[in-house]
Amino acid sequence: MEYRPSEIEPTWRKWWIDNNTYKIENQGGKPKYYILDMFPYPSGAGLHVGHPLGYIASDILARYKRLRGFNVLHPMGFDSFGLPAEQYAIQTGQHPAITTEQNLTRYREQLGNIGFSFDWSREVRTSDPDFYKWTQWIFIQLFNHYYDHDADKALPISELEKRFSVSGNAGVRAVCDDDTPAISAAQWNVWSEQEQQLFLLKYRITFPGEEYVNWCSALGSVLSNDEVKDGVSERGGHPVERKLMKQWVMRITAYADRLLEGLNTIDWPESIKEQQRNWIGKSVGASMKFTIDAPLPVGEGSGFIEVFTTRVDTIYGATFMVIAPELDLVKTLTTDAQRSDVDGYIKWTSGRSEIERMADTRKATGVFTGSYAINPANGERVPIWIADYVLAGYGTGAVMAVPSGDQRDWNFATAFNLPIVPIMDSQKDLDTAADPSKEGRYINSERINGMIYAEAVPTLIQWLEEKGLGRGKTQYKLRNAVFSRQRYWGEPVPAIWEDGVPTLLDEKELPLVLPSVDKYLPTETGEPPLARAKGWKYELSTMPGWAGSSWYFYRYMDPHNEHEFCSKEARDYWQKVDFYIGGSEHAVGHLLYSRFWNHFLYDMGLVPHREFAQKLVNQGMIQGRSNFVYRAKERFFEEYLWLKVLQPYFNEEGAINISGPDFEEEITYDFAFATNNLVIEVTSIKQMDKIERIRRSALSDGKRLMVLYNEELTEQINEPDAIAEKIRRALASREDYIVSSESPTSEQLFVSHSLLYKYSPEAVTKLHVDVNIVEDDVLVLEKARAAQQFANSNFKLDAEGKYTCSWEVEKMSKSKFNVVNPDDIVAEHGADCFRMFEMFLGPITDAKPWNTKGISGVSGFLRKFWSMFFEGENFRVTDETPTRDELRVLHTCIKKVTDDIERMSMNTCVSHLMIATNDLRGLKCAKRAVLEPLVILIAPFGPHIAEELWHRLGHNMSVCDAAWPIHNEEFLKTDSKEYPIQINGKLRGTIELPTDISAADAEAAALGLELVQKWLNGKMPQKIRFIPGKIISISV
RNA sequence: GCCCGGGUGGUGAAAUGGUAGACACGAGGGACUUAAAAUCCCUUGACCUUUAUCGGUCGUGCAGGUUCGAGUCCCGUCCCGGGCACCA
């Protein structure tokens, strides 16, 4: 019986739905397992073959875990708020909810075709009010808490109010704004409600703050750094400016240390953890005061400059200071003698863009202020310079420069002839570069001379603290996260403003539903779109894309709960995500913010674990494989005429004279014949002006002009003879102006890539072509002729009559015409084949271009697998007792597939199933005892074929609830093994030995071999190693 | 510049210190067929030797090291991809 996936697959998909096969309960005697995919944003382009890679892998794992007796939660939903839908709404006026709904429907359909075991009754959508009600609720909780250092967790803001009213903020160690003043209880208590509320904002975990943001007035929105490319918006290319705006901000910095430490407790890819570590950017160092030793005007400045350093141990090498030119302090430090230099430099740097400043990092620029500071360690006077390699925005905007240890400081010192003092006995070649080594012992460093790094740092910090000159300090790169978007399509922020104080809605008033607006643009006065909503009295900005995704994994546990974001029973049952899979592009966005929210929810006692996802795997991106076609330019026709017509047909006459290698010459003619005054001009029929101009010029030159239209050449492109004949007739004629009277219908010519090596690159335009009308890089002409892109086109084919395309690997996207829809693959080969082929491509963590070469291998395998069960039209599985060989094949396969699923090596699983199938077909095995376990083994990969065969084997229940077979070592044993024999590390032969042979016997047997004696060449072996089950190794 | 990954046949890849290239694609040859498709069988890292077998040399970016034995571990180096970037 033939294997027909198009018949069996839809049947079983319906059966699964009808039987609620994938519906999961929050209970049961089984252990739980929670497998989560990063949910997709439903874009208008639909699902492409890259999306399901991770879903297939997780589905295989989910089905496997279920077969192993786990209660598996494997849900799917949609991150359905976002900018693309809003952009589309702006263009078309259509409500984003409508387009989002359409996209969602398409995604559901496409996902439905692949046979996933998702429990769709648990689907969530972040744009659904029933969902974002709880996003808003969590926002309110964040507002109502502050971070207490002593408790090292978030505490209710009411606690803080109590403490303020009793003892002010003196004893409070909490995360707050930098500019928070000290207040007494008396002050707090006399404050008005409004004053108290404003003060509390300095402590709340989410608060309205002033932040520099990337403001794009054209989009009416603030953009994240990665939405800005080269100073303009990635989407639309609009200008972007740095602007100080009132924004809701999340005090994620409060959690910096815990987010960093938590990384050590989770099984995530090292690269993701490393990116998060870099993003958090903890640097442990010291801050120090350099007293200013200058004739400062009385009362100006604090009298010292504070610096932060991660290398306090290098302080004795600090021979000068550098401060950022933007700092106000520069004015006071500048002496009269230096004033004009300094002013000039400041003027020059302010005119330089960020990009320029980054571009020439090699050349040190800067100016001496004329003032000095005292190095607190050795009391030496060091000059204070300004230079733009020091950034005002980082730390204090001042550095102690240690030219022997820091390359930028070294460059600067070398350029301006400042002293370079070695501080470590291990530093080398200080005349050519800095040496930042921490190895060795200190020199020229008084107090720490002779110490090593680990001794020097605490010694110095202790000394600085005793003297009041500095202290140990930890600094983070992490900034608080801006949480407002001046956009429409996002969660409304549940806040009302009154007298500059935000009040949040009561829980009972949630959800605050997104109102209707007439347009999705900012107002004329630059307010966000929500300002257009009638009667809207709430906050005008909405939440960012990462709001809903920061907690959605809990909603799946209890998706329809109207009273809580997720019930306690559900949280207690599912605990956390056991296995999370998604793209590494979310490394520091989603994955850091969701960890932050989870820590907060943990502090509130709402979730059972500090980290929500124990294990994370990144699936590699499936890239697109774009195809390109080449459209002829005028230049191409000129070169074609020369190469294919004039040279072959007229050279022998010696009668032509070409205007030279520059085909683009405008004044003279493209080709001129020495005889009969004939000149030829090649141009488009559309260029009537040009033709007229040339005609007049030919007339005055006394030349006879022949005009060949690109378009007529296009039609005759495969008949150079005909064109030659035309020219021959023109040569022979006496007419002054020869031009085709017929008007050609072809407008464009596309030239096969295989022919292009003869032509110059400027002769053609390279264009993307839809990969769906290309097969094996050859354009399918029937399909191409029907395509819009090739209307009124002709093709120049190669000698084999083919139009070949070139290709490149690019991101898969609609604009590159390289999107492959999984539906098409499923329709052609079946869902099981599609699933297994995606896995067979290679390790899921690797990025790879989509290429269906090789899909026939998987397709053929499934047919072979199927055919084991049939003899003609009959199901032929028997109850005979299997042979040892058959059992060995089966149990080897069980072992390998089981091991490989556990380590997510899905590609090799497919290989092992292929091997077992090939072997069993060789043995002509059709025995139930072998084939039935094999059906269970294939079930996670090809659920449809497995379900079909499972039922044909006589079962009524789904194969999903079968028991995963366990391999029996007994059947893997063989009586003998072929041992490789290595002599001096080289493989020289093999020997068949009994499995249970003793070392002595094995050695003797090996030495008895003729081939071994040959290599020994009469010598005695120095050593023989027998590694049971592996190898025999002989050294001579 | 710094931090992560990764370099293996014509291609996708496999090999968790023990026979490098499993499995598959592609290619070549053959069987079946009126023919084609489908299917099945054989060969397929490079080179040398041989009628063929047998056999040998080289081979996992490059160059070293550890080891009886290295694609795998260590040191150096080059190249490719990703991330961060005058971050003190």
Side-chain angles (χ1 to χ4, degrees), chain A residues 2 226 269-279 281 283 285 287 307-312 314 318 322 324 354 357-362 364 387-391 393-402 405-409 411-412 475-477 584-585 587-588 618 620-621 776 809 837 840-843 845-849 851-861 863-864 867 896 899-900 903 905 907-918 921 978-990 1011 1014 1021-1025 1027 1029-1036:
Chain A
E2 217 181 303
D226 49 72
E270 212 38 57
S271 64
I272 297 278
K273 292 201 210 178
E274 202 52 36
Q275 279 183 59
Q276 294 208 352
R277 286 189 191 110
N278 289 340
W279 192 262
S283 26
S287 94
V307 299
F308 175 79
T309 178
T310 52
R311 288 295 302 271
V312 66
T314 64
V322 187
E354 288 274 311
R357 280 172 79 159
M358 268 191 271
D360 46 38
T361 58
R362 316 241 161 247
D388 68 358
Y389 80 87
V390 175
L391 302 179
Y394 192 80
T396 59
V399 298
M400 64 173 209
V402 183
D406 182 285
Q407 190 57 45
R408 281 164 304 139
D409 296 342
N411 291 346
F412 197 82
Q475 193 159 296
Y476 296 93
K477 208 157 81 179
S584 58
E585 65 271 24
V588 284
N618 286 129
M621 203 186 1
D776 288 335
V809 171
F837 177 63
F840 194 62
L841 282 173
T845 50
D846 290 5
K848 54 224 144 211
N851 190 347
T852 47
K853 247 193 208 171
I855 198 166
S856 62
V858 176
S859 178
F861 154 70
R863 271 197 303 275
K864 285 189 213 169
S867 73
K896 298 240 181 200
D899 289 353
D900 286 357
R903 59 186 185 103
S905 176
N907 54 330
T908 52
C909 285
V910 178
S911 297
H912 296 312
L913 290 167
M914 288 174 169
I915 292 167
T917 303
N918 289 343
R921 277 162 56 88
E978 190 187 39
Y979 276 91
I981 298 176
Q982 253 180 16
I983 298 170
N984 286 342
K986 290 210 189 291
L987 186 75
R988 295 302 179 187
T990 57
L1011 74 96
K1014 187 180 104 190
Q1022 286 187 353
K1023 184 152 192 178
I1024 308 181
R1025 284 178 194 75
I1027 321 287
K1030 301 263 177 167
I1031 203 164
I1032 297 168
S1033 176
I1034 301 171
S1035 318
V1036 181

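Below, read A as the first sequence line, B as the second, and so on, with proteins coming before strands; counting in each chain starts at 1. The model shown is predicted, which means the values in this text are computed figures rather than measured ones.
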Check every strand shown and say whether A:S856 touches a base, only sugar-phosphate, or nothing at a heavy-atom separation below 4.0 Å. sugar-phosphate
Using a 4.0 Å heavy-atom cut-off across all strands, classify A:K864 as base, sugar-phosphate, or nothing. sugar-phosphate
Side chains of A:I1034 and A:R1025 in contact at under 4.5 Å (non-hydrogen atoms): no
N/O donor-acceptor pair, side chain A:S1033 with base B:C68, under 3.5 angstrom: yes
For A:K273 and B:C4, what is the distance between atoms NZ and P respectively, to the nearest whole Å? 14 Å
Which nucleotide in B:A15, B:A13, B:G56 has an atom nearest any side-chain atom of A:N907: B:A13
Between A:S856 and A:S859, is there a side-chain donor-acceptor contact under 3.5 Å, judged purely by atom types and distance? no
Can A:T908 and A:D900 be said to form a side-chain hydrogen bond (donor to acceptor under 3.5 Å, both in side chains), step by step? CA-CA 7 Å; A:T908 52; A:D900 286 357; 2.8 Å; yes
Out of B:U19, B:A38, B:A13, which has the shortest distance to the side chain of A:P843? B:A13
When we call it a touch if two heavy atoms are under 4.0 Å apart, what does A:R903 touch: a base, just sugar-phosphate, or nothing? base
Starting at the 5' end of RNA chain B and moving along, which residue's nearest nucleotide shows up first, A:K848 or A:I1031? A:K848
Heavy atoms from C-beta onward define the side chain here; which of B:A13, B:C40, B:C23 lies closest to that of A:N918? B:C23
Before accepting this row, confirm whether a basic side-chain N of the pair A:K848/A:D846 lies closer than 4.0 Å to the acidic partner's carboxylate O. no
I'd like to know if A:E274 reaches the base of B:G83 with its side chain such that a donor and an acceptor end up less than 3.5 angstrom apart. no
For A:E270, report the nucleic acid contact type (base, sugar-phosphate, nothing); a contact means any heavy atom under 4.0 Å. nothing
Let's see if you can work this out: which of B:C3, B:A88, B:C68 has an atom nearest to the side-chain heavy atoms of A:Q982? B:C68
chi for B:G9 classified (syn = within 90 degrees of 0, anti otherwise) as syn
